[in-house]
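Written below as structure tokens is the structure these notes are about.
Chain letters run A, B, ... following the sequence lines, proteins first, then strands; residues in each count from 1.
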Amino acid sequence: MAQQAATKQRIKRIRLEDALNANVWDVDTKPHIIVDSEKCAGCADKACTYLCPGGCFTLLAGKVLYSYEGCLECGTCRVVCPKGAVTWNYPLSGRGVQYRFG
Amino acid sequence: MGLPAKFDVAVVGAGPAGASAAYTLARKGFKVVVLERGRAPGSKNLFGGRVYSRPLERIFEGFRNEAPIERWVKREILSFMTEDGMVSVEYTSNGSTSFTAYLSKLSAWMASKAESAGAVIVTDVRVDDVLMENGRAVGIVSGGDRLYADVVVIAEGVNRLLCEKMNIVTPLSPEDVALGVKHVIRLGTDKINERFGLDSDEGLAWFLVGKATDYMPGGAFLYTNSATVSLGIVVFLSHAVREVKRHVYDVLEDLRASLPFVRLLEGGSLVEYGAHLTPEAGLRMVPRKLYGDGFLIAGDAAGLLINLGYTVRGVDMAAFSGYLAAEAVEEAHSLGGYTSQNLSCYERKLNDSFIMKEMKRHSMVQKLMVKGHVFELYPHVLVGAAKRLFEFEETSPKLLEAVNDSLKGRCSRLRVLLDVVTLMRGP
Ligand SMILES: Cc1cc2nc3c(=O)[nH]c(=O)nc-3n(C[C@H](O)[C@H](O)[C@H](O)COP(=O)(O)OP(=O)(O)OC[C@H]3O[C@@H](n4cnc5c(N)ncnc54)[C@H](O)[C@@H]3O)c2cc1C
């Protein structure tokens, strides 16, 4: 029991924001993700809000808010959107996440 | 772009596929340009962490001595995980057929080899279109700039936006790909050696299925590099879109913060968090034709990857397909030009190589894996049997009794038999 408690204590969660901050970034000033909110409104599941690993898609009062700053450039949002509401491309001029390890 | 107006070959993407194609072509005397969207080769690349060496040794001279190899894999673990416990199979050996690595560094190294061989590498360039004239590829377009080449090697990776624009493939669907997210955690060489029972040049490749991904098809992985550990999860999007119950980051964080990882990685610091898609559909994702008038497709863009459940082969397949694309270019050149017909030798080369043979040989594993039950059922059966076997009070069960007890109520023996038959059946 004592050991379990000790283990529990050691567990420090890393928040997604802090994980993203471990990376090197050169974020573009122009967005490379655009969501058509009309198409988006017709989707019940909103899988993007669970599956975007950068947390770029969040729910607020039933609507999806999106940003491109934490984008890890994987392309998941485009693939999981059942409505084709996501226009996504790679950032220009080498902007965005800079993987040092990968 | 301030470059010569015309090249023999333009390669899109400086990942393993593109860099291998460029290196091989430059050594054959072709004027090659590589266009890479990243600031430097490698800066947009991310993978799990283990590479099979032999195909790369066939492509790159001096590979074993020069490449940025972290550790040679000497220890393999495959674990089945549930809330109740974990059953693992472990294999240790003295072989050196695969090594751990960082894909950013490995890609950068490959690109530098291509550059030394004479290829021109242009970074910060996102190719927007393959330039077509009269139905044949004649170069690339980026922003307003055009660059002409006699033949284009498309090695743009899994998202394959260019192939999609060219109508060679349909847009990716969740059935085609899996999402991988990964932490790189710095722990220091000594701690890694101590905690994972390794020598400095020995690596561990660890694959986990079951609870590690909330039972979604895919798996978790841990690879030891020299001074860091790569810990990640892969989830098939086909299932994840329906089954994911919480943010995918939390699935990874939960794994890191649970036993045994929280102990193994204690005191480590997170140095990178990244994500990437990976082909997952086996032969289904391979375009009908991997060549056309003036172009060839290699690597992930061509869907050439196999996931066997306990190991992933992507980098070696991508690199070798790039190498074969280069050979095909040379052959087409000697035949008089880069027509679709002359470039069709690429398909023959792929079929004759380990790439398509492996893709076909293992197609049943991929069929089995997309049946979601495998990732939920077998971890429970195995952990259940182990629990029966090892946690008894007075009467200890026989081995088969333990397995039977564990199967009971979970599934019929017929189910297991059917899965085994699926696995055994050839393509
Ligand atoms: C989570 C995960 C774990 C994996 N684990 C392993 C593993 O352990 N072992 C293994 O062997 N394989 C693994 N793989 C697979 C492996 O990473 C890939 O198969 C391999 O990287 C494919 O190489 P590629 O050159 O085809 O594509 P990529 O490595 O994706 O390279 C494509 C390149 O093209 C560039 N590019 C793309 N579009 C453009 C454009 N329009 N203009 C200019 N440049 C462009 C990109 O920036 C990139 O540099 C894993 C993959 C993932 C996602």
Side-chain angles (χ1 to χ4, degrees), chain A residues 3-4 6-24 26 28 32 43 45-59 70-82 84 86 88-102, chain B residues 36-40 42-47 102-107 123-126 128 143 158-159 161 171-174 176-177 179-181 183-184 225 228 230 235 237 240-242 244-250 252-253 256-259 262-263 266 269-277:
Chain A
Q3 203 198 349
Q4 255 182 22
T7 306
K8 278 227 173 83
Q9 256 202 346
R10 291 205 297 249
I11 302 177
K12 271 212 210 83
R13 291 305 190 116
I14 303 170
R15 292 179 314 152
L16 175 57
E17 298 86 278
D18 296 329
L20 290 168
N21 277 331
N23 296 345
V24 173
D26 176 11
D28 205 345
H32 60 277
C43 165
D45 295 340
K46 311 240 190 286
C48 56
T49 59
Y50 293 100
L51 290 171
C52 165
C56 294
F57 299 82
T58 46
L59 265 184
C71 176
L72 297 165
E73 299 168 32
C74 66
T76 299
C77 52
R78 197 177 76 98
V79 179
V80 300
C81 178
V86 180
W88 176 90
N89 202 334
Y90 298 116
L92 286 166
S93 326
R95 290 292 183 85
V97 67
Q98 311 291 324
Y99 289 123
R100 293 156 297 150
F101 300 94
Chain B
E36 165 57 46
R37 70 182 186 89
R39 188 135 296 167
S43 64
K44 298 296 184 184
N45 305 70
L46 183 134
F47 82 147
Y102 302 114
L103 191 55
S104 294
K105 297 197 172 153
L106 187 60
S107 301
T123 54
D124 281 349
V125 172
R126 184 186 83 191
D128 296 319
V158 62
N159 279 302
L161 300 175
L172 290 178
S173 76
D176 294 323
V177 287
L179 164 64
V181 294
H183 278 335
V184 179
N225 302 305
T228 70
S230 299
V235 291
L237 288 182
V241 288
R242 283 179 275 118
V244 69
K245 287 177 191 71
R246 49 197 181 134
H247 197 270
V248 64
Y249 175 79
D250 294 324
L252 172 63
E253 244 321 85
R256 188 192 63 83
S258 68
L259 289 173
V262 66
R263 279 188 205 144
E266 197 199 340
S269 58
L270 182 68
V271 291
E272 191 166 273
Y273 165 64
H276 205 281
L277 292 179

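Using a 4.5 Å cut-off between heavy atoms, Asn21(A) makes no contact with chain B at all. Looking at Arg39(B), both its backbone and its side chain come within 4.5 Å of chain A, counting heavy atoms on both sides. Looking at Arg95(A), both its backbone and its side chain come within 4.5 Å of chain B, counting heavy atoms on both sides. For Thr123(B), no part sits under 4.5 Å from any heavy atom of chain A, backbone or side chain. Both the backbone and the side chain of Asn159(B) come within contact range of chain A, each with at least one heavy atom under 4.5 Å from a heavy atom of that chain. With a threshold of 4.5 angstrom between heavy atoms, Val158(B) does not approach chain A through any atom at all. For Arg256(B), the part sitting under 4.5 Å from any heavy atom of chain A is the side chain, from C-beta outward, and nothing else. Contact annotation for Val241(B): both backbone and side-chain heavy atoms come within less than 4.5 Å of a heavy atom of chain A. In this structure, the portions of Pro91(A) lying under 4.5 Å from any heavy atom of chain B include both its backbone and its side chain. If you measure heavy-atom distances from Cys48(A) to chain B, you find no contacts under 4.5 Å at all.
At a threshold of 4.0 Å, the pair Glu73(A)-Arg37(B) counts as salt-bridged, since one of the basic side-chain nitrogens sits closer than that to a carboxylate oxygen.
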side-chain contact (heavy atoms from CB on, under 4.5 Å) between Tyr249(B) and Ile14(A): does it pass, once the steps are laid out?
CA-CA 10 Å; Tyr249(B) 175 79; Ile14(A) 303 170; 3.6 Å; yes

Stepwise side-chain contact (heavy atoms from CB on, under 4.5 Å) check, Ser104(B) with Tyr99(A):
CA-CA 7 Å; Ser104(B) 294; Tyr99(A) 289 123; 3.6 Å; yes

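One distance of note links CG of Leu20(A) with CG of Leu270(B); it measures 9.5 Å at 0.5 Å rounding. Residue Arg242(B) holds its CZ atom at 10.0 Å from CG of Asp45(A), rounded to the nearest 0.5 Å. Remark: Asp128(B) CG to Asn89(A) CG distance equals 7.0 Å, nearest 0.5 Å. Separating the CG atom in Leu277(B) from the OG1 atom in Thr76(A) is a distance of 4.0 Å, to the nearest 0.5 Å.
When side chains are defined from C-beta on, Pro53(A) counts as touching Leu179(B), because their heavy atoms get closer than 4.5 Å. Within the 4.5 Å cutoff, the side chain of Arg100(A) has no heavy atoms near those of the Val184(B) side chain. In this structure, Tyr273(B) and Val97(A) have side chains that are not in contact, with every pair of non-hydrogen atoms separated by 4.5 Å or more. Contact check for Val271(B) versus Phe101(A): side-chain heavy atoms found under the 4.5 Å cut-off.
The two residues Leu161(B) and Tyr90(A) have their closest heavy-atom pair at CD1-CE1, 3.9 Å. Closest of all the heavy-atom pairs between His183(B) and Ala19(A) is CE1-CB, 4.3 Å.
Annotation: Tyr50(A), atom OH; neighbour count of heavy atoms from other residues, nucleotides and ligands within 6.0 Å does not exceed 12.
In terms of heavy-atom pairs under 4.5 angstrom with chain A, the leader among His276(B), Glu36(B), Lys105(B), Arg246(B) is Arg246(B).
Between the side chain of Glu272(B) and the backbone N or O of Gly102(A), at least one donor-acceptor pair lies under 3.5 Å.
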